[in-house]
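Report on the structure given below.
Each chain gets a letter, A, B and so on, in the order its sequence line appears, and its residues count up from 1.
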Amino acid sequence: MSTAAGQRVTVHLEVNGLWREAVVEPRRTLADLLREDLDLTGTHLACETGVCGNCNVLLDGESVRACLMFAVQAEGRSLLTVEGLAADDGTLGDLQQAFHDHHGLQCGFCTPAMLLTAHEHLREHPDGGTDEQIREAISGVLCRCTGYEQIIASIRAAAEAGP
Amino acid sequence: MKPAPFEYHAPSSVAEAVALLGRGDGAQVLAGGQSLVPLMKARTVRPAALVDVNGVAGLDAIEERDGALQIGALVRLQALVDHPGAARSHPLLREAVRHAGHLATRHRGTVGGSLAYAAPWAELTAAAVALDATVELRSPSGPRSVPARSFFRGPHQTALQPGELVTGLSVPAQPPGAGAAFHEVSARYRDYAHVAAAATVAVDPAGACRAAELVLLRVAPAPHRVDVSGLVGTRLDDAALGALDAALAGLDPPGDVEVSGAHRRRVAPVLARRALRDAFARAGEHREAA
């Protein structure tokens, strides 16, 4: 496939179980496609340079920085964003509820990325793993409020509550 | 913070990719994008065209042949960390690359991108030099192989010619039972290394060192191989490691906004000893297990 500069292309991708499409320039990032074209503003952008991890989404189940991928690169792929964690009626998922119960958020800006990163971690470590492993998992997502301790407690609590 | 417009190509074969790169219009390769995309957003880099190699067939395999490892350029850094065969045959690769970025960036970052970008903190470059690996390249005029020990020329400088594509890394078989270790220091957890040390040590049946490699990052313009042949025949005790002081005395590491050259000169020998000692201990464990 080749596209001239400025020329738009149609991208098809599965987001939270639904096939979606958008017509974008190749320079459109995956994060901007989610936020601007699909109106899924739960994916938050902070540094936009891959440092802070606040835009983490799961691409075919693996965490990636949505700000460092071009939307065209997600053609045919499957995405999970924070909007996919709650039930259709808005009922929080167990992990989200654990964050609520254990004060795993203050301002909430990093929370979508923390939730998805924790979701991936708990899939690989259903028993939660060690605190060290939880810290390693969330080390790529910056939080400026909590000091992380309540986030770790939330993930631990979700693991103990079971799937 | 949005990249300037670019022509976008998504070839499906190496031949198609190198043909696009060979047109000489300043096209850049897009692999994992973990370094290139931030530079494009800052518009430090404004390529007229991108050749996205993520859909190129045949570059994402890790294959073992007679103990040697052939690693495709599109192998994600985390896939290399997770590969059990690679961890067995060349433990230094996992030891080094697990320090690269974070899980989410290792899920996208590639072996080829790490080699081509040649960041001075790139752990994989130190491992490639320590393991005497060969970088495989392709251009419209054909394939070319360059030993890692001459591929890296300086910060972000390599033997890569305009229009050439990194297609893989070939890592020769290691002495059986060799141990490996990698240590680095950074200002924040998982941030860019200020100094790093990669070591491999193989031991003889009596438990003495029979081969060793030591490569340091950020003490010289490119990954710096230290002559540790003096360790052969020893058990890496304090007296033997003391000889390292002479080998490291001539280092004149660069300083930058984050850390001074003097600090690097002080830290490098500490990490060097730590990596060599750990590698030696692990080689001993292999010997006992065998």
Side-chain angles (χ1 to χ4, degrees), chain A residues 1-9 11 24-32 36 45-77 113 116-117 120-121 124 132-133 135-142 148, chain B residues 1-12 16-17 19-20 23 25 27 30-44 46-56 76-79 81-82 98-109 113 186 188-192:
Chain A
M1 180 185 104
S2 287
T3 307
Q7 188 188 331
R8 288 164 175 254
V9 289
V11 178
V24 298
E25 278 188 62
R27 63 174 169 151
R28 188 71 136 178
T29 64
L30 178 59
D32 285 342
E36 309 288 337
L45 283 169
C47 78
E48 294 197 53
T49 57
V51 175
C52 76
N54 277 221
C55 66
N56 271 12
V57 297
L58 301 191
L59 174 75
D60 294 330
E62 292 190 333
S63 56
V64 299
R65 306 284 204 236
C67 75
L68 294 188
M69 264 188 82
F70 292 115
V72 289
Q73 299 184 289
E75 171 67 35
R77 311 286 293 268
L116 290 164
T117 305
E120 177 183 45
H121 173 76
E124 299 301 316
E132 184 70 26
Q133 288 169 322
R135 286 171 189 277
E136 172 72 37
I138 64 168
S139 66
V141 184
L142 290 183
Y148 303 99
Chain B
M1 292 303 286
K2 309 298 172 194
F6 50 82
E7 214 175 283
Y8 176 76
H9 304 281
S12 52
E16 210 184 323
L20 287 161
R23 296 192 311 186
D25 57 1
L30 172 64
Q34 304 301 288
S35 300
L36 178 61
V37 176
L39 292 171
M40 289 176 63
K41 288 179 164 193
R43 304 206 178 187
T44 310
R46 284 182 75 148
L50 283 188
V51 178
D52 180 349
V53 294
N54 283 279
V56 170
R76 309 288 165 181
L77 295 179
Q78 186 61 28
V81 170
D82 287 340
R98 68 190 179 88
H99 291 274
H102 297 278
L103 183 61
T105 54
R106 288 193 301 273
H107 276 150
R108 290 296 296 166
S186 53
R188 290 159 296 274
Y189 185 71
R190 292 286 184 257
D191 210 335
Y192 296 144

Quiz item: Which one, B:Gln34, B:Glu16, B:Met40, leads in non-hydrogen pairs under 4.5 Å with chain A?
Solution: B:Gln34
Self-check item: Backbone N/O of B:Ala100 and side chain of B:Arg106: donor-acceptor pair under 3.5 Å
Solution: yes
Self-check item: Interchain contact, A:Leu59 with chain B, by part (heavy-atom threshold 4.5 Å)
Solution: side chain
Quiz item: Of the listed residues (B:Ala48, B:Pro3, B:Gly55, B:Gly101), which shares the most heavy-atom pairs with chain A below a 4.5 Å separation?
Solution: B:Pro3
Exercise. Report the option among B:Ala4, B:Gly32, B:Ser35 that has the most heavy-atom pairs separated by less than 4.5 Å from atoms of chain A.
Key: B:Ala4
Quiz item: With a 4.5 Å heavy-atom cut-off, do A:Gln133 and A:His121 have their side chains touching?
Solution: yes
Quiz item: Under the 3.5 angstrom rule, does the side chain of A:Asn54 hit a backbone N or O of A:Leu45 as a donor-acceptor pair?
Solution: no
Quiz item: Is there a side-chain contact between B:Lys2 and A:Glu48 (heavy atoms, below 4.5 Å)?
Solution: yes
Exercise. Give the member of A:Val9, A:Asp32, A:Thr117 that has the highest number of heavy-atom pairs under 4.5 Å with chain B.
Key: A:Asp32
Quiz item: Using non-hydrogen atoms only, which part of B:Tyr189 is less than 4.5 Å away from chain A: side chain, backbone, both, or neither?
Solution: side chain
Quiz prompt | Interchain contact, B:Leu36 with chain A, by part (heavy-atom threshold 4.5 Å) | solution = neither
Quiz item: Would one find more than 12 heavy atoms of other residues, nucleotides or ligands at under 6.0 Å from atom OH of B:Tyr192?
Solution: no
Exercise. May I ask you to say whether B:Arg98 pairs ionically with A:Glu136, meaning some side-chain N is under 4.0 Å from a carboxylate O?
Key: no
Quiz item: Taking A:Val64, A:Leu68, A:Thr29 one by one, which has the highest count of heavy-atom pairs under 4.5 Å against chain B?
Solution: A:Leu68
Self-check item: Contact class of A:Cys67 relative to chain B, heavy atoms under 4.5 angstrom
Solution: both
Quiz prompt | Which portion of B:Arg188 sits near chain A, non-hydrogen atoms under 4.5 angstrom | solution = neither
Quiz item: Which of the residues A:Glu25, A:Gln7, A:Glu62 is involved in the greatest number of heavy-atom pairs with chain B at under 4.5 angstrom?
Solution: A:Glu62
Quiz item: Which answer fits B:Ala42, side chain, backbone, both or neither, if we ask what part of it has an atom under 4.5 Å from a heavy atom of chain A?
Solution: neither
Quiz item: Under 3.5 Å, side chain of A:Arg28 to main-chain N/O of A:Ala71, donor-acceptor pair present?
Solution: no
Exercise. Pick one of side chain, backbone, both or neither for B:His102, based on which atoms fall under 4.5 Å of a heavy atom in chain A.
Key: side chain
Quiz item: Using non-hydrogen atoms only, which part of B:Leu50 is less than 4.5 Å away from chain A: side chain, backbone, both, or neither?
Solution: side chain
Quiz item: If you round to the nearest 0.5 Å, how far is SG of A:Cys47 from NZ of B:Lys41?
Solution: 8.0 Å
Practice problem: Please test B:His9 against A:Met1 for side-chain contact (heavy atoms from CB on, under 4.5 Å), starting from the C-alpha separation and ending with a verdict. | Solution: CA-CA 6 Å; B:His9 304 281; A:Met1 180 185 104; over 6 Å; no
Exercise. Check whether any side-chain heavy atom of B:Val37 lies under 4.5 Å from a side-chain heavy atom of B:Leu30, and answer yes or no.
Key: yes
Exercise. Name the option with the most non-hydrogen atom pairs under 4.5 Å to chain B; the candidates are A:Val51, A:Val141, A:Val72.
Key: A:Val72
